[in-house]
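Below, read A as the first sequence line, B as the second, and so on, with proteins coming before strands; counting in each chain starts at 1. A quick note: this is a predicted structure, and the numbers were derived from the prediction, not measured.
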Amino acid sequence: MPELPEVETVARSVDRRVRGQRIVEVWFGSHREPFKTPPAQQARALEGRELLSIHRTGKHIVCELSAALDEGTRKSMRREAAGAAQWIVHLGMTGRLLVSHPDNPVAAHTHARLRLGDGRELRFVDPRRFGRLELRLLDRDEPFTAAGAEPLTIGAAEFAALFRGRKLAIKAALLNQSLLTGVGNIYADESLFHAGIRPTRAAGRLTRAELERLRVALRSVLQNSIQAGGSSVSDYVDADGVKGFYQLDHCVYLRGGQPCRSCQSAIRRILLAGRGTHYCPQCQK
DNA sequence: CATTTCACCTGGTGGC
DNA sequence: TGCCACCAGGTGAAAT
C-alpha cells in the first residue's frame with residue numbers, strides 16, 4: 001500500500017487518535033521478519049512509555065516516545081535506556097497500522113498489538129511481512145532520519161542536482177530512496193505522466209526545464225493524493241479503516257491497454273527496474 | 001562507486 | 001471447482 005501519501009495519511013490518523021496515550025502492554029507475534037530490533041527488546045522498551053506524537057519521514061512512520069517514566073521500570077533498566085525513544089514502523093508492501101477496540105477480532109497476520117491506557121489497541125498487520133518495526137533509544141541511538149530528500153519541499157536546484165550525471169532511467173532514479181524519499185511505483189509513474197517524460201529516459205539527460213516540470217508534477221501529485229487520503233489499490237486503509245480515493249485520479253498506473261485520459265492512445269505497460277511501468281507513448285517523450 | 005537483478009512473502013485474479 | 005502462472009504499494013543484499 002504505502003508510498004508517501006499513504007504513509008502520511010496513516011501517520012496523521014494514528015496521531016489524531018492515540019497521541020498522549022500510555023502504552024500499557026505489548027504483544028508481538030513470532031515471525032522474525034518484521035523486527036529490525038528483537039521483539040523482546042522492543043516490548044520491554046515500549047511498555048510504560050507515552051506516545052508523544054506520530055509523524056512521517058519518507059515512507060517511515062515515526063512514533064516519538066517519552067522517557068520511561070515509571071520509577072520501577074526505570075530502576076530495572078540500564079541507565080542509558082531510560083530516556084526518550086522512537087518506535088519506527090515501515091509498512092512494506094501490505095502493512096497496516098490500525099487503532100482498534102480490544103474486542104475487535106484480530107486480523108490474520110497481526111504481528112504487533114500495543115494496548116493503550118484507555119483500553120484501545122494499536123495493531124500492526126502485514127500479510128507479506130515486508131514491513132519493519134524498529135526501536136531507537138535516543139540515549140544510545142541516533143534519531144531516525146531518511147537518507148533521501150523530501151519531495152514535497154525540495155527546491156529546483158537541489159532536485160536537478162540529484163540526477164546530474166546519472167545514466168539510469170529516470171523512473172529508477174525516482175524510486176531510489178537515497179535520492180528522494182517516499183516516492184514509489186504509483187507516484188513515479190503518475191508524476192512522469194504529468195511531466196510528459198518517458199520513464200525510460202536517462203536521468204542525467206533530462207533538460208533543466210524537464211526536471212523542473214517533474215519536480216512540480218511530483219509535488220502536486222503527492223499533495224493531491226494526500227488530500228484524497230492516498231491511493232487504495234487493493235486494500236489500503238488508514239488507521240480508522242477508511243479508504244483513500246486518489247486511485248480514481250490515476251492516469252497511467254495499472255491502466256495498461258486503456259485509453260490515455262488526455263489523448264486516447266493506449267497506455268503502454270513495460271518492465272523497468274523490475275517493476276511494472278505505465279506510460280502514454282503519445283504524451284510522454 | 002553506480003547500477004541491475006533477485007529474493008524475500010502472501011494473496012488475488014484470470015486463463016484453461 | 002481446481003490448478004497454475006502471473007501480478008501486486010518495497011527494499012536490501014549480491015552480482016555485474
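The aromatic ring of Phe130(A) sits over the base of dC8(B), with ring centres less than 5.5 Å apart and planes tilted by under 30°.
For the pair Asp189(A) CG and dC7(C) C1', the interatomic distance rounds to 15 Å; values are reported in whole Å. One interatomic measurement links the two molecules: CD of Glu3(A) to C1' of dT11(C), which rounds to 13 Å at whole-angstrom precision. Atom CG of Leu175(A) and atom P of dA8(C) are 13 Å apart (whole Å). Taking atom CD on Gln177(A) and atom C1' on dA13(C), their separation rounds to 16 Å, with Å as the unit. In this entry the distance linking CG of Leu271(A) with C1' of dC7(C) reads 11 Å, nearest Å. For Leu174(A) and dG10(C), the CG to P distance is 12 Å, given to the nearest whole Å. Taking atom CE of Met93(A) as the reference point, atom C1' of dC8(B) lies 11 Å away to the nearest angstrom. What separates CG of Leu180(A) from C1' of dT11(C) is a distance of 16 Å, to the nearest Å.
Other residues, nucleotides and ligands place more than 12 heavy atoms under 6.0 Å from the CD atom of Gln264(A). Heavy atoms of other residues, nucleotides or ligands lying less than 6.0 angstrom from CD of Gln41(A) number more than 12.
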Donor-acceptor contacts under 3.5 Å from residues 265-280 of chain A side chains, at least two apart:
unit_1, atom_1, unit_2, atom_2, d
Thr277(A), OG1, Lys171(A), NZ, 3.0
Thr277(A), OG1, Arg275(A), O, 3.1
His278(A), ND1, Asp189(A), OD2, 2.7

>> Quick one, Arg136(A) with Glu134(A), criterion salt bridge (charged side-chain N to carboxylate O under 4.0 Å, His left out). Give me CA distance, side-chain angles, the key distance, then yes/no.
In response: CA-CA 7 Å; Arg136(A) 294 191 178 218; Glu134(A) 177 186 2; 3.0 Å; yes

>> salt bridge (charged side-chain N to carboxylate O under 4.0 Å, His left out), that's the test. Do Asp240(A) and Arg16(A) meet it? Break it down for me.
In response: CA-CA 10 Å; Asp240(A) 309 324; Arg16(A) 194 176 338 113; 3.6 Å; yes

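Using P as the reference atom, dA14(C) and dC9(B) are 15 Å apart when rounded to the nearest Å.
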N/O contacts under 3.5 Å, protein versus nucleotides 2-5 of chain B?
unit_1, atom_1, unit_2, atom_2, d
dT3(B), OP1, Lys167(A), N, 2.8
dT3(B), OP2, Arg166(A), NH1, 2.9

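Not one N or O on the side chain of Ser178(A) forms a donor-acceptor pair closer than 3.5 Å with the backbone of Ala147(A). Under a 3.5 Å cut-off, the side chain of His31(A) and the backbone N or O of His111(A) do not form any donor-acceptor pair.
Salt-bridge annotation for Arg208(A) and Glu212(A): absent, with no side-chain N of the basic residue lying under 4.0 Å from a carboxylate O of the acidic one. Taking the charged nitrogens against the carboxylate oxygens, Arg56(A) and Glu150(A) do have a contact shorter than 4.0 Å, which makes a salt bridge. The residues Glu121(A) and Arg115(A) are annotated as not salt-bridged, no charged nitrogen and carboxylate oxygen being separated by less than 4.0 angstrom.
Phe144(A) has its ring centre less than 6.0 Å from the ring centre of His60(A).
The salt bridge (charged side-chain N to carboxylate O under 4.0 Å, His left out) with Glu210(A) is formed by just one residue from the set Arg201(A), Arg198(A), Lys285(A); it is Arg201(A). The side-chain contact (heavy atoms from CB on, under 4.5 Å) test with Val18(A) singles out one residue from Asp118(A), Leu114(A), Leu116(A), and that residue is Leu116(A).
Of all the residues in residues 216-230 of chain A, not one reaches under 4.0 Å from DNA chain B with any non-hydrogen atom. Listed by residue number, there are no residues of residues 33-40 of chain A with a heavy-atom contact under 4.0 Å to DNA chain C.
Remark: Arg129(A) is in phosphate contact with dT10(B), judged by side-chain N or O atoms under 4.0 Å from OP1 or OP2. For dC9(B), the OP1/OP2 oxygens have no side-chain nitrogen or oxygen of His31(A) closer than 4.0 Å. Between dT11(C) and His90(A), a contact under 4.0 Å exists linking OP1 or OP2 to a side-chain N or O. The side chain of Arg275(A) contributes an N or O atom lying less than 4.0 Å from OP1 or OP2 of dG10(C).
Residue-level contact check: Tyr253(A) touches the backbone only, with heavy atoms under 4.0 Å from sugar-phosphate atoms and none from bases.
Stems are defined here as 3 or more consecutive Watson-Crick or G-U wobble pairs with pairing distances under 3.5 Å; those involving DNA chain B are B:2-8 with C:10-16, B:10-16 with C:2-8.
Residues satisfying the side-chain hydrogen bond (donor to acceptor under 3.5 Å, both in side chains) test with Asn104(A), not counting sequence neighbours, are none.
Of all heavy-atom pairs spanning Gly83(A) and Asp139(A), the tightest one is N-OD2, 2.8 Å.
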